[in-house]
Amino acid sequence: MYITIRIKLGRAVVRLNSVLETPSAACASPAPTRYRCEVIARTALEVVSGIGGRLVDLVMAGWQVTAVLTDCSDTRPLRVLGARTVDLDSLLAGLGREGLPQVLTVANDLYRGNDRVQREVHSALDQRIEVAVWSSGAGAEIDAELVRVLSATRHRLSVAARAFKARALIAANRPPLFDPTESYWATSWATSSSETYIHACI
């Protein structure tokens, strides 16, 4: 079955046709509200270009995705992905936060330069919460201390994830060009809970 997706960007309404809808018994009801993913980065563009497709697949699987940014000046691309946005200072101050999420995803560049973000990641690892880190640029590596606990991972984007990531890049005034897979490093002590739930639904 194919569906048509209507996306409104400003005054323009864009229709994305031929997006495959793949029903699954595992997706018959939404995921419990306890499934939350937080993504910490500097800008919306950094999130969209680095990990945007995976976030779409999480949202489609029923997860609540929150982008935590140091620069919230333009959040339109994240709204296209279905993610809400909060300011990093507010989140780390504990304002409106219900404890750590099930998945914490962090941009490596921000991790390197922000002591508070480092403490957040280490706290999540200590509690065996799923952690994912991505780094911009071809062949980019993550910090040596994280290599000991994270493993290289690749997520192949669904058809819908590719469509929405393309629209999000356009909303960020960038060409909709990207690889159909997204690479990052993730906790390796067990099968990723988020990936298990995604692949049960797409």
A.B. asks: Looking only at heavy atoms, what is the nearest atom pair of Arg84 and Gln64, with distance?
C.D. replies: NE-NE2, 3.5 Å
A.B. asks: Between Arg162 (side chain only) and Leu157 (backbone N and O only), is there a donor and an acceptor less than 3.5 Å apart?
C.D. replies: yes
A.B. asks: For the residue pair Asp87 and Thr70, establish whether any side-chain heavy-atom pair is separated by less than 4.5 Å.
C.D. replies: no
A.B. asks: Donor-acceptor pair, distance only, cut-off 3.5 Å: does the side chain of Arg36 make one with the backbone of Leu100?
C.D. replies: yes
A.B. asks: I want to check something: taking the side chain as every heavy atom from C-beta on, are Asp179 and Arg154 in contact at a cut-off of under 4.5 Å?
C.D. replies: yes
A.B. asks: Check whether any side-chain heavy atom of Asn114 lies under 4.5 Å from a side-chain heavy atom of Leu88, and answer yes or no.
C.D. replies: yes
A.B. asks: I need the Arg174 CZ to Leu45 CG distance, nearest 0.5 Å.
C.D. replies: 5.0 Å
A.B. asks: Report yes or no: does Glu46 contribute a side-chain atom to a donor-acceptor pair with the main-chain N or O of Ala107 at less than 3.5 Å?
C.D. replies: no
A.B. asks: Heavy-atom distance under 4.5 Å between the side chains of Val133 and Tyr111, does that happen here?
C.D. replies: no
A.B. asks: So, do Val65 and Leu81 sit near enough that their side-chain heavy atoms are less than 4.5 Å apart?
C.D. replies: no
A.B. asks: Show the nearest heavy-atom pair for residues Tyr184 and Ala132, with the distance to one decimal.
C.D. replies: CD1-CB, 3.9 Å
A.B. asks: If the test is side-chain contact (heavy atoms from CB on, under 4.5 Å), which one of Asp109, Asn108, Val106, Thr105 qualifies with Trp134?
C.D. replies: Thr105
A.B. asks: Indicate the atoms forming the closest heavy-atom contact of Ala161 with Asp57, along with that distance.
C.D. replies: CB-OD1, 3.5 Å
A.B. asks: What pairs with Arg42 under salt bridge (Lys or Arg N to Asp or Glu O under 4.0 Å), at least two apart in sequence or on another chain?
C.D. replies: none
A.B. asks: Measure the spacing between CD of Glu120 and CG of Leu104 and express it to the nearest 0.5 Å.
C.D. replies: 6.0 Å
A.B. asks: Do the non-hydrogen side-chain atoms of Trp185 and Leu146 ever get within less than 4.5 Å of each other?
C.D. replies: no
A.B. asks: If you take all heavy atoms of Arg54 and Glu130, which pair is closest and at what distance?
C.D. replies: NH2-OE2, 3.3 Å
A.B. asks: Indicate the atoms forming the closest heavy-atom contact of Gly82 with Val59, along with that distance.
C.D. replies: O-CG2, 3.8 Å
A.B. asks: First locate atom NE2 of His122, then atom CG of Asp126, and finally report the distance between them rounded to the nearest 0.5 Å.
C.D. replies: 8.5 Å
A.B. asks: Find the distance between OG1 (Thr85) and CZ (Arg79) and round it off to the nearest 0.5 Å.
C.D. replies: 7.5 Å
A.B. asks: Return the CD to CZ distance between Gln118 and Arg112, rounded to the nearest 0.5 Å.
C.D. replies: 10.5 Å
A.B. asks: If you look only at pairs with a residue in residues 62-74, which of them pass as a salt bridge (Lys or Arg N to Asp or Glu O under 4.0 Å), with sequence neighbours excluded?
C.D. replies: Asp74-Arg76
A.B. asks: Looking only at heavy atoms, which two atoms of Ala41 and Val47 are closest? And how far apart?
C.D. replies: CB-CG2, 3.6 Å
A.B. asks: Contact between Lys165 and Leu55 at the side-chain level, heavy atoms closer than 4.5 Å - yes or no?
C.D. replies: no
A.B. asks: Taking the side chain as C-beta and beyond, is there a heavy-atom pair between Leu78 and Leu69 under 4.5 Å?
C.D. replies: yes
